[in-house]
Undergrad: 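To start, I am sharing the structure in question, which I have written as structure tokens.
In what follows, every chain begins at residue 1, and chains take the letters A, B, ... in the order their sequences are listed.
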Amino acid sequence: MSGDHHGSDAAISAQVRHVEALLERRGLVDPVELDRALAAYLARSSPANGARVVARAWCDDAFRGRLLADANAALPELGLSMGGGLQEQRLKVVPNTDREHNVVVCTLCSCYPIALLGPSPTWYKSEAYRARVVRDPREVLREFGFELDPGLDVTVWDASAESRYMVLPRRPEGTGGLDEEHLAGLVTRNGLLGVAPV
Amino acid sequence: MPERFALGEHVRAARHDPPHHCRLPRYARGARGTVVDVGGWHPLPDDRARGLPAELEPVYTVRFTARELFGGGDHAVTVDIWQSHLSPAAEGASR
């Protein structure tokens, strides 16, 4: 567990402001352009995007196959991408099944597919979650109010490098009559991280 | 830097503890796991953080048992690890 970032947010913010001011003074960065790019990126980033991806995968087995094989290649089918930052990030979608449950964490900081999940929740960035979910995921999920079937295998995906992870939850029973749009409405951000059932 | 490990191969995460940034999570250091995916090629953050030139190298998704990492638990944890932080692991060996 890295504690590198703990308690140093203010210092890092000051450093970032200093570097930003230097870049602006030397004409290397236009502050208006920076704000505009950031605002546009965040406006496009929402857990509704991840929910749409999941609903499509529930309704279309061929899409599900493409999504699990190469998520970056499948996202454009829904008008989505993992671009928006400096470079496109690799996304891996991990499917929950009747045998296996998946949970996502970044033990280093808070890496996470922002484009598909929106800005990350505070608990995801907390040292308590980051340190504990890799050691005892069943207990951490219990604290989220999610009692996992003891027969399920659990895999925790630590996204502390260059890949980002999203969980493909199981389709809830009794939803055979719902269309894609209504199915998407059932999917929550916590479900996409594996800390809640859908 | 060519790919050194194949899917399904047993690997051991480095045990080192350098004074500079090291992207290998502490809890995985010295542990033995299995390569389950290759997640692209990227420069080693340990070198980039020090302003050193870093060539692209494979980053592997390595699956560890909780028992191997923490001495207990029935789950698995996968960690994305740069090739420089991995070495081949003999079958059956434990840390």
Undergrad: Would you check if A/Val156 and B/Phe64 make a side-chain contact, meaning some heavy-atom pair closer than 4.5 Å?
TA: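 No; the side chains remain at least 4.5 Å from each other.
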
Undergrad: Please determine whether residues B/Leu56 and B/Val59 belong to a single hydrophobic cluster, defined as Ile, Leu, Val, Met, Phe, Trp and Tyr linked transitively by side-chain heavy-atom distances below 4.5 Å.
TA: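 They do not share one cluster, since no chain of ILVMFWY contacts under 4.5 Å joins B/Leu56 to B/Val59.
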
Undergrad: Are more than 12 heavy atoms from other residues, nucleotides or ligands located less than 6.0 Å from atom CZ of B/Arg48?
TA: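 No, not enclosed.
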
Undergrad: Does a salt bridge link B/Asp80 with A/Arg164, judged by any charged N lying under 4.0 Å from a carboxylate O?
TA: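 Between A/Arg164 and B/Asp80 there is no salt bridge, as every charged N stays at least 4.0 Å from the carboxylate O atoms.
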
Undergrad: Taking side chain as everything from C-beta outward and backbone as N, CA, C, O, which of these in A/Arg135 sits under 4.5 Å from a heavy atom of chain B? Side chain, backbone, both or neither.
TA: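 Both backbone and side chain.
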
Undergrad: So, B/Arg26 and A/Thr107: side-chain donor and acceptor under 3.5 Å apart, yes or no?
TA: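 No, A/Thr107 and B/Arg26 have no side-chain donor paired with an acceptor closer than 3.5 Å.
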
Undergrad: Tell me the closest heavy-atom pair linking B/Gly39 and A/Ser163, and the distance in Å.
TA: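 So the two residues come closest at O-OG, 3.9 Å.
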
Undergrad: Can a donor-acceptor pair be found, under 3.5 Å and without considering hydrogens, that links the side chain of B/His75 to the backbone of A/Arg138?
TA: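 No, the answer is negative, given that no donor and acceptor are paired below the 3.5 Å cut-off.
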
Undergrad: Check the pair A/Trp157 / B/Thr61 against side-chain contact (heavy atoms from CB on, under 4.5 Å), numbers first and verdict last.
TA: CA-CA 9 Å; A/Trp157 299 81; B/Thr61 303; 3.9 Å; yes

Undergrad: Could you state whether B/Tyr60 and B/Leu44 fall into the same hydrophobic cluster, counting links through intermediate Ile, Leu, Val, Met, Phe, Trp or Tyr residues with side-chain heavy atoms under 4.5 angstrom apart?
TA: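 No, separate clusters.
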
Undergrad: Is the number of heavy atoms from other residues, nucleotides or ligands under 6.0 Å of B/Arg67 CZ greater than 12?
TA: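 No, because the 6.0 Å sphere around CZ of B/Arg67 holds 12 heavy atoms or fewer from other groups.
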
Undergrad: Do you reckon A/Val93 sits in the same ILVMFWY cluster as B/Val36, going by side-chain contacts under 4.5 Å, direct or chained?
TA: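 Different clusters.
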
Undergrad: Are B/Trp82 and A/Glu162 side-chain neighbours, meaning at least one heavy-atom pair lies under 4.5 Å?
TA: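 Yes; the side chains approach each other to less than 4.5 Å.
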
Undergrad: With a 4.5 angstrom heavy-atom cut-off, could you sort out which part of A/Glu139 is near chain B: side chain, backbone, both or neither?
TA: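 No part of it gets close to chain B.
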
Undergrad: So does A/Glu181 have more than 12 non-hydrogen atoms from other groups sitting under 6.0 Å from CD?
TA: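 No - once you tally the heavy atoms of other residues, nucleotides and ligands closer than 6.0 Å, there are 12 at most.
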
Undergrad: Is there a chain of hydrophobic side chains (I, L, V, M, F, W, Y, each step under 4.5 Å between heavy atoms) that links A/Val198 to A/Phe144?
TA: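 Result: yes, single cluster for both.
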
Undergrad: With side chains defined as the heavy atoms from C-beta onward, is the minimum distance between B/Tyr27 and A/Asp158 less than 4.5 Å?
TA: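 Yes; the side chains approach each other to less than 4.5 Å.
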
Undergrad: Just wondering, are more than 12 heavy atoms of other shown residues or ligands nearer than 6.0 Å to NE2 in B/His16?
TA: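 Correct, the count exceeds 12.
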
Undergrad: With rounding to the nearest 0.5 angstrom, report the CG to CG distance, A/Leu108 to B/Leu24.
TA: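 Going from CG on A/Leu108 over to CG on B/Leu24, the span is 11.0 Å.
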
Undergrad: Are any of the side-chain heavy atoms of A/Thr155 and B/Thr78 separated by less than 4.5 Å?
TA: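 When only atoms from C-beta onward are counted, B/Thr78 and A/Thr155 do touch, with a gap below 4.5 Å.
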
Undergrad: If hydrophobic clusters are built by linking Ile, Leu, Val, Met, Phe, Trp and Tyr wherever their side-chain heavy atoms come under 4.5 Å apart, do B/Met1 and B/Val11 end up in the same one?
TA: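 As far as the 4.5 Å side-chain criterion goes, B/Val11 and B/Met1 are not connected within one cluster.
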
Undergrad: In terms of heavy-atom pairs under 4.5 Å, which option from B/Ile81, B/Asp37, B/Val79 contacts chain A the most?
TA: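 Heavy-atom pairs under 4.5 Å are most numerous for B/Asp37.
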
